[in-house]
Engineer: 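The structure is given below, and queries will be raised subsequently.
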Amino acid sequence: MKKKLVALLMAAITVSAALTGCGGAKDTAAEQETTEDAGDAQAEDAAQEAETETEDESTAADAESAEGEESDASADAQTGEAVVLKCVCDLTPHSEILNAASDLLAEQGIELDIVSTTWDATWNDMLVDGEIDFAYFMHVPAMESIEEEMGATLYSMGNVHVEPYACFSDKYASKDELPENAIIAIPNDSSNEYRALKVLEKEGFVKLNPDMTAIDASVNQIDEYVIPIEIVEMDQANIIPSAADFDAYFVNVNRALEADIDTTSYLMREGEDSEYANIITVTEANKDNEAIKTLVSVLQSDEVKKFIEENFNGAVIPAK
């Protein structure tokens with residue numbers, strides 16, 4: 001009996017151990033499976049997070065790059081170099097008018113490099129050879145004369161101002177005081193000689209060949225001396241230094257201004273409707289230059305016209 005009871009007890013213990021062992025195995029397997037599933041989920045979440053961070057970084061980098069390019073473009077716009085136009089012009093009033101327009105030109109991104117304000121024959125060569133971008137010292141008849149002399153093609157980009165051609169005297173206050181056979185100096189370049197002879201004709205001193213032009217003008221084109229005078233043709237640059245040798249002399253008003261001559265004390269001069277407006281002159285290479293077109297527009301503006309009217313006492317007037 002005791003042996004049977006012991007045997008039954010031993011069997012029960014064995015079954016219990018077996019059941020416990022099976023349950024523990026199942027629990028361990030379940031725990032392992034849960035751990036693996038959690039690990040997989042965490043890995044997937046980490047991967048998605050990494051991908052999101054990469055996309056965010058890429059987007060930020062693209063935005064920064066675009067911003068940088070925009071900033072660079074803005075910087076280029078702000079620090080862009082101005083267009084520099086090289087020119088020659090007479091000192092007065094031409095360079096003064098250009099300088100008065102400098103702020104307006106700067107607003108348009110244009111700077112001027114005035115190479116020379118003392119005229120000599122090389123100015124024409126500098127223009128034709130392309131050493132300068134424009135010239136500001138001639139009118140259309142002078143331009144046409146230079147074209148013929150040099151075999152060049154020049155263009156007027158527009159009128160700026162008029163300097164009525166005038167006759168002055170260091171000895172007499174009016175043309176009526178001029179003595180008989182008065183010695184009068186006139187420039188020997190054809191266009192300015194033409195202007196001087198036309199004034200003398202208008203004032204009743206001479207009668208000219210009606211076929212005379214600005215190209216062939218000379219004393220040889222005088223048909224009659226109505227009032228006896230002696231005309232001396234000479235280089236305009238030498239007229240004012242030699243003024244004491246003459247009873248009267250013709251010069252461009254700008255040269256009179258440079259020499260501090262009272263330009264309101266003229267003996268005779270062209271009317272204010274003179275067609276000899278000073279122009280901006282260029283060659284073929286610059287006739288379509290947008291910067292020069294802008295320059296002319298500025299020089300013809302109301303601001304520049306006002307400067308001319310207020311600073312030259314009528315000796316220089318805005319071109320029509």
Side-chain angles (χ1 to χ4, degrees), residues 90-94 118-121 137-139 141-142 145 161-278 311-317:
D90 284 318
L91 180 63
T92 301
H94 305 68
T118 304
W119 187 90
D120 62 45
F137 68 91
M138 65 182 82
H139 43 64
S145 177
H161 74 273
V162 174
E163 302 164 22
Y165 210 71
C167 178
F168 300 94
S169 175
D170 293 348
K171 302 174 182 178
Y172 305 101
S174 73
K175 70 182 179 70
D176 295 331
E177 294 180 9
L178 289 173
E180 188 172 310
N181 296 313
I183 302 173
I184 301 176
I186 65 175
N188 61 6
D189 59 287
S190 58
S191 62
N192 284 323
E193 183 161 6
Y194 175 86
R195 297 174 74 182
L197 291 173
K198 293 295 283 185
V199 172
L200 287 171
E201 182 178 53
K202 184 186 74 170
E203 297 295 336
F205 287 88
V206 300
K207 288 185 178 180
L208 299 170
N209 179 345
D211 296 327
M212 184 186 78
T213 68
I215 294 176
D216 62 9
S218 75
V219 293
N220 296 328
Q221 298 287 344
I222 297 174
D223 286 345
E224 180 184 353
Y225 287 87
V226 180
I227 298 174
I229 56 174
E230 180 182 346
I231 297 175
V232 177
E233 300 167 296
M234 63 187 302
D235 189 315
Q236 181 166 233
N238 296 326
I239 291 179
I240 291 178
S242 305
D245 297 334
F246 309 111
D247 295 305
Y249 53 91
F250 280 87
V251 292
N252 287 94
V253 172
N254 67 295
R255 296 188 183 278
L257 289 171
E258 291 173 11
D260 291 327
I261 294 171
D262 180 2
T263 55
T264 65
S265 65
Y266 56 86
L267 303 187
M268 44 190 151
R269 75 171 189 176
E270 293 174 324
E272 293 183 356
D273 58 349
S274 171
E275 298 180 2
Y276 288 86
N278 279 238
N311 286 273
F312 298 106
N313 198 28
V316 182
I317 58 178

Engineer: Please answer whether the main-chain N or O of A214 pairs with a side-chain N or O of S190 as donor and acceptor at a distance below 3.5 Å.
Structural biologist: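 Here the side-chain-to-backbone pair exists.
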
Engineer: So do I222 and I231 actually touch side chain to side chain, heavy atoms under 4.5 Å?
Structural biologist: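 Heavy-atom side-chain distance check passes, below 4.5 Å.
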
Engineer: Do P93 and E163 have side-chain heavy atoms sitting under 4.5 Å apart?
Structural biologist: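 In contact.
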
Engineer: Any chance you could measure I261, atom CD1, to R255, atom CZ, to the nearest 0.5 Å?
Structural biologist: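 One gets 11.5 Å once the value is rounded to the nearest 0.5 Å.
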
Engineer: Show the nearest heavy-atom pair for residues D170 and A243, with the distance to one decimal.
Structural biologist: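 Looking at all heavy atoms of both residues, the closest pair is OD2-CB, 3.4 Å.
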
Engineer: Quick one: CG on N311 to OG1 on T92, what's the gap to the nearest 0.5 Å?
Structural biologist: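 Atom-to-atom, N311:CG and T92:OG1 are 11.5 Å apart.
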
Engineer: Does atom NZ of K207 have more than 12 heavy-atom neighbours, drawn from other residues, nucleotides or ligands, at distances under 6.0 Å?
Structural biologist: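 Atom NZ in K207 is not packed in, count stays at 12 or less.
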
Engineer: Is it the case that the side chains of E233 and N188 hold a donor-acceptor pair, with the cut-off being a distance below 3.5 Å and no angle test?
Structural biologist: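 Note: N188 and E233 side chains miss the donor-acceptor criterion.
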
Engineer: Can you measure from CD (E224) to CG (L208) and round to the nearest 0.5 angstrom?
Structural biologist: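 Between atom CD of E224 and atom CG of L208 there are 11.0 Å.
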
Engineer: Roughly how far, to the nearest 0.5 Å, is CG of L178 from CE of M268?
Structural biologist: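 Separation between the atoms: 5.5 Å.
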
Engineer: Calculate, to the nearest 0.5 Å, the distance between atoms OH and OG belonging to Y194 and S145 respectively.
Structural biologist: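 Result: 13.0 Å between the selected atoms.
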
Engineer: If you count every heavy atom of other residues, nucleotides or ligands that lies below 6.0 Å from Y266 atom OH, does the total exceed 12?
Structural biologist: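 Counting neighbours around OH of Y266, 12 or fewer heavy atoms of other residues, nucleotides or ligands fall under 6.0 Å, so no.
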
Engineer: Would you say the side chain of N252 lies within less than 4.5 Å of the side chain of R195, judging by non-hydrogen atoms?
Structural biologist: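 When only atoms from C-beta onward are counted, N252 and R195 do touch, with a gap below 4.5 Å.
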
Engineer: Would you indicate whether the side-chain heavy atoms of D223 and P210 approach each other to under 4.5 Å?
Structural biologist: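 They are in contact (side-chain heavy atoms under 4.5 Å apart), so the answer is yes.
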
Engineer: What are the two closest heavy atoms between V251 and A256, and how far apart are they?
Structural biologist: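 Closest approach of V251 to A256: CG2-CB, 4.2 Å.
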
Engineer: Is the closest side-chain heavy-atom distance between M234 and S242 below 4.5 Å?
Structural biologist: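 Heavy-atom side-chain distance check passes, below 4.5 Å.
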
Engineer: Run the side chain to side chain contact (heavy atoms under 4.5 Å, CB included) test on L257 and V316 for me, step by step, so that the C-alpha distance in whole Å, both residues' side-chain angles and the decisive distance to 0.1 Å come before the verdict.
Structural biologist: CA-CA 10 Å; L257 289 171; V316 182; 4.0 Å; yes

Engineer: Looking only at atom types and distance, does a side-chain atom of E177 sit under 3.5 Å from a main-chain N or O of Y172, one as donor and one as acceptor?
Structural biologist: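 Not confirmed, E177 side chain does not pair with Y172 backbone.
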
Engineer: Any non-hydrogen side-chain atom of I229 less than 4.5 Å from a side-chain atom of V206?
Structural biologist: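 The answer is yes; the side chains approach within 4.5 Å.
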
Engineer: Taking atom CG of D245 and atom CD1 of I239, what is their separation to the nearest 0.5 Å?
Structural biologist: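 One finds 11.5 Å between CG of D245 and CD1 of I239.
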
Engineer: Minimum heavy-atom separation for K171 to A244, with atom names?
Structural biologist: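 Heavy atoms of K171 and A244 come nearest at NZ-O, 3.3 Å.
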
Engineer: Fit a plane to each ring of Y165 and F250, take the angle between them on a 0 to 90° scale, and name the class: parallel (under 30°), tilted (30 to 60°) or perpendicular (over 60°).
Structural biologist: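 Taking F250 first and then Y165, their aromatic rings lie parallel (interplane angle under 30°).
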
Engineer: So, for P164 and V253, which heavy atoms are closest and what is the spacing to 0.1 Å?
Structural biologist: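 Answer, listing the atom of P164 first, then V253: O-CG2, 2.8 Å.
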
Engineer: Would the distance check show the side chain of D247 and the main-chain N or O of I184 forming a donor-acceptor pair, the cut-off being under 3.5 Å?
Structural biologist: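 Answer holds: no.
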
Engineer: If we ignore hydrogens and angles and just use 3.5 Å, is the side chain of D262 paired with the main-chain N or O of T264 as donor and acceptor?
Structural biologist: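 Confirmed, D262 side chain pairs with T264 backbone.
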
Engineer: Between Y276 and N192, is there a side-chain donor-acceptor contact under 3.5 Å, judged purely by atom types and distance?
Structural biologist: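 No, because no side-chain N or O of N192 sits under 3.5 Å from a partner of the opposite role on Y276.
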
Engineer: Going by the side chain to side chain contact (heavy atoms under 4.5 Å, CB included) test, name the single residue among E270, M212, E193 that passes it with K198.
Structural biologist: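 With K198 as partner, E270, M212, E193 yield a single side chain to side chain contact (heavy atoms under 4.5 Å, CB included), made by M212.
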
Engineer: Take Y249 and V232, measure what side chain to side chain contact (heavy atoms under 4.5 Å, CB included) needs, and give me the verdict at the end.
Structural biologist: CA-CA 9 Å; Y249 53 91; V232 177; over 6 Å; no

